[in-house]
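The next block holds one structure in the form of structure tokens; read it before the comments.
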Amino acid sequence: MKKIRLILMSLVAALLVGCGTTSTVPITGRKQKLMVSDQQVLSLSNQQYQQYMQTAKASTDKKNTEMVRRVGQKLATAVTNYLNANGLSNEVANYQWEFNLVQDKQVNAFCMPGGKIVVYEGLLPVTQDETSLAIVLGHEVAHAVAKHSAEQMSTQIKQQYGAQALSILMAGAGVSTDLQSIAGTVFGLGAQGASAKYSRNHESEADHLGIIFAAMAGYNPDAAVAFWQRMSAATGGGSTSWLSTHPSDATRIKQIQEWLPEAHTYYNNSKGATVPTATKQGTTPVKTIHIKSK
């Protein structure tokens, strides 16, 4: 009986490994195994986001609300141009970008799959200016573009559900109760606040992509170092939920400094209204495509 059980478990493991699709993260070129479809993730994301927005209070500060949306739209446009220029036009349809500022004193921000981004008013005294806000929003946009939520959900399916995951995956685009439960854990939304739960590796990748996306949108990536130093001071070195799984302050600053030369390539190109492209993902851009300004 024990031998039969081991055989069955081996078969389930093999099936789980074989299921799903392999995706490549833009810029970094990292490969990821996704066991949930874009349609499933976006459906769940929209449900969670709508529920959250029903309880959240929109900011009454018109100037700051417009700033959040203006900076966010610049980032969304830059990312869209990059995806289109690098043969990833099929990914653009997955994003319906939306940027909101809500009344909350927490030093926090989050992004749902599909591009629904929320900034808490408590974050703005730390960002202080548009450039640092772009660093934060670039980080959040990166979570969506790198499909970190889908990857986290895929990990939970493999770890928690085993054979049951097969029935979930074979159910097609329908959203099962089990998958909703997993999404609730990953997205972490609730009436008292929100905090997407990502791994430390995902947070580092979002830092990397985030400064590049900000640079693409015309914001100086050098601002990232000073901003994260202010963030560390404001949150007591990572005491908030938003920073709980991030790299240590020293590690984060060191990594960002190592990525700055790459980010400056995109920043310099943005001054001439250009979009960097690469011969393959994960390499330094070798040519540019010129985009006419509107």
Side-chain angles (χ1 to χ4, degrees), residues 27-28 59 61 63-79 99-102 104-111 117-146 148 193-196 198 200-268 270-271:
I27 307 293
T28 67
S59 174
D61 189 319
K63 182 179 179 180
N64 283 338
T65 297
E66 289 178 348
M67 177 179 65
V68 167
R69 290 175 178 170
R70 178 174 62 254
V71 175
Q73 190 54 55
K74 286 183 180 180
L75 284 160
T77 298
V79 168
F99 302 87
N100 289 297
L101 180 65
V102 300
D104 197 305
K105 294 182 180 181
Q106 294 183 68
V107 182
N108 203 356
F110 69 88
C111 178
I117 293 177
V118 173
V119 176
Y120 288 23
E121 286 183 327
L123 184 65
L124 297 185
V126 184
T127 56
Q128 299 183 359
D129 54 42
E130 285 199 22
T131 300
S132 293
L133 177 61
I135 298 299
V136 174
L137 293 183
H139 176 99
E140 298 302 331
V141 164
H143 281 308
V145 173
H148 287 158
S195 176
Y198 299 115
R200 187 160 294 182
N201 288 339
H202 285 165
E203 295 296 350
S204 290
E205 188 168 61
D207 282 348
H208 184 182
L209 294 178
I211 63 171
I212 289 177
F213 290 156
M216 285 181 185
Y219 295 102
N220 191 334
D222 289 338
V225 173
F227 164 71
W228 288 116
Q229 289 172 338
R230 292 197 302 274
M231 175 65 90
S232 176
T235 59
S239 61
T240 67
S241 58
W242 193 52
L243 295 177
S244 61
T245 58
H246 284 58
S248 66
D249 297 331
T251 298
R252 156 168 274 144
I253 297 302
K254 182 176 183 295
Q255 288 177 332
I256 288 175
Q257 289 172 332
E258 291 173 350
W259 296 323
L260 281 176
E262 179 187 7
H264 269 286
T265 301
Y266 292 90
Y267 178 56
N268 293 335
S270 74
K271 294 179 180 179

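This is a predicted model, so every value here is computed, not measured. For the numbers below, each heavy atom of this structure counts, side chains included, while hydrogens, waters and symmetry mates do not.
Side chains of Asn64 and Val68 form no contact here, defined as non-hydrogen atoms less than 4.5 Å apart.
Counting only distance, with no hydrogens or angles, the side chain of Ser232 and the backbone of Trp228 share no donor-acceptor pair below 3.5 Å. No donor-acceptor pair closer than 3.5 Å links the side chain of Thr77 to the backbone N or O of Lys74.
Scanning for salt bridge (Lys or Arg N to Asp or Glu O under 4.0 Å) contacts around Glu130 gives Arg70, with sequence neighbours left out. Legend: residues meeting salt bridge (Lys or Arg N to Asp or Glu O under 4.0 Å) with Arg230, ordered by chain and number and at least two apart, are absent. The salt bridge (Lys or Arg N to Asp or Glu O under 4.0 Å) test applied to Glu205 returns Arg30, not counting sequence neighbours.
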Stepwise side chain to side chain donor-acceptor pair (under 3.5 Å) test for Asp129 and Ser132: CA-CA 6 Å; Asp129 54 42; Ser132 293; 3.2 Å; yes
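Ring geometry for Phe110 against Tyr120 counts as perpendicular: the plane angle is over 60°, on a 0 to 90° scale with 30° as the lower cut. Taking the six-membered ring for Trp and thresholds of 30 and 60 degrees, His208 and Trp259 have nearly parallel ring planes, at less than 30 degrees apart.
Atoms CG and CZ, from Leu75 and Phe99 in turn, are 6.5 Å apart once rounded to the nearest 0.5 Å.
For His148 against Ala206, the heavy-atom pair with the smallest separation is CE1-N, 4.2 Å. A pairwise comparison of heavy atoms in Leu123 and Val119 identifies CD2-CG1, 4.0 Å as the closest pair. Shown here for Phe213 and Ala142, the closest heavy-atom pair between the two residues is CE1-CA, 3.8 Å. Taking both residues in full, the closest heavy atoms of Gly218 and Ser270 are given as CA-OG, 3.4 Å, listed atom of the first, atom of the second, then distance.
Just one of Ile135, Ile256, Ile211 meets the side chain to side chain contact (heavy atoms under 4.5 Å, CB included) condition when paired with Val225; it is Ile256. The residue from Val107, Asn108, Leu101 that alone fulfils the side chain to side chain contact (heavy atoms under 4.5 Å, CB included) condition with Glu121 is Leu101.
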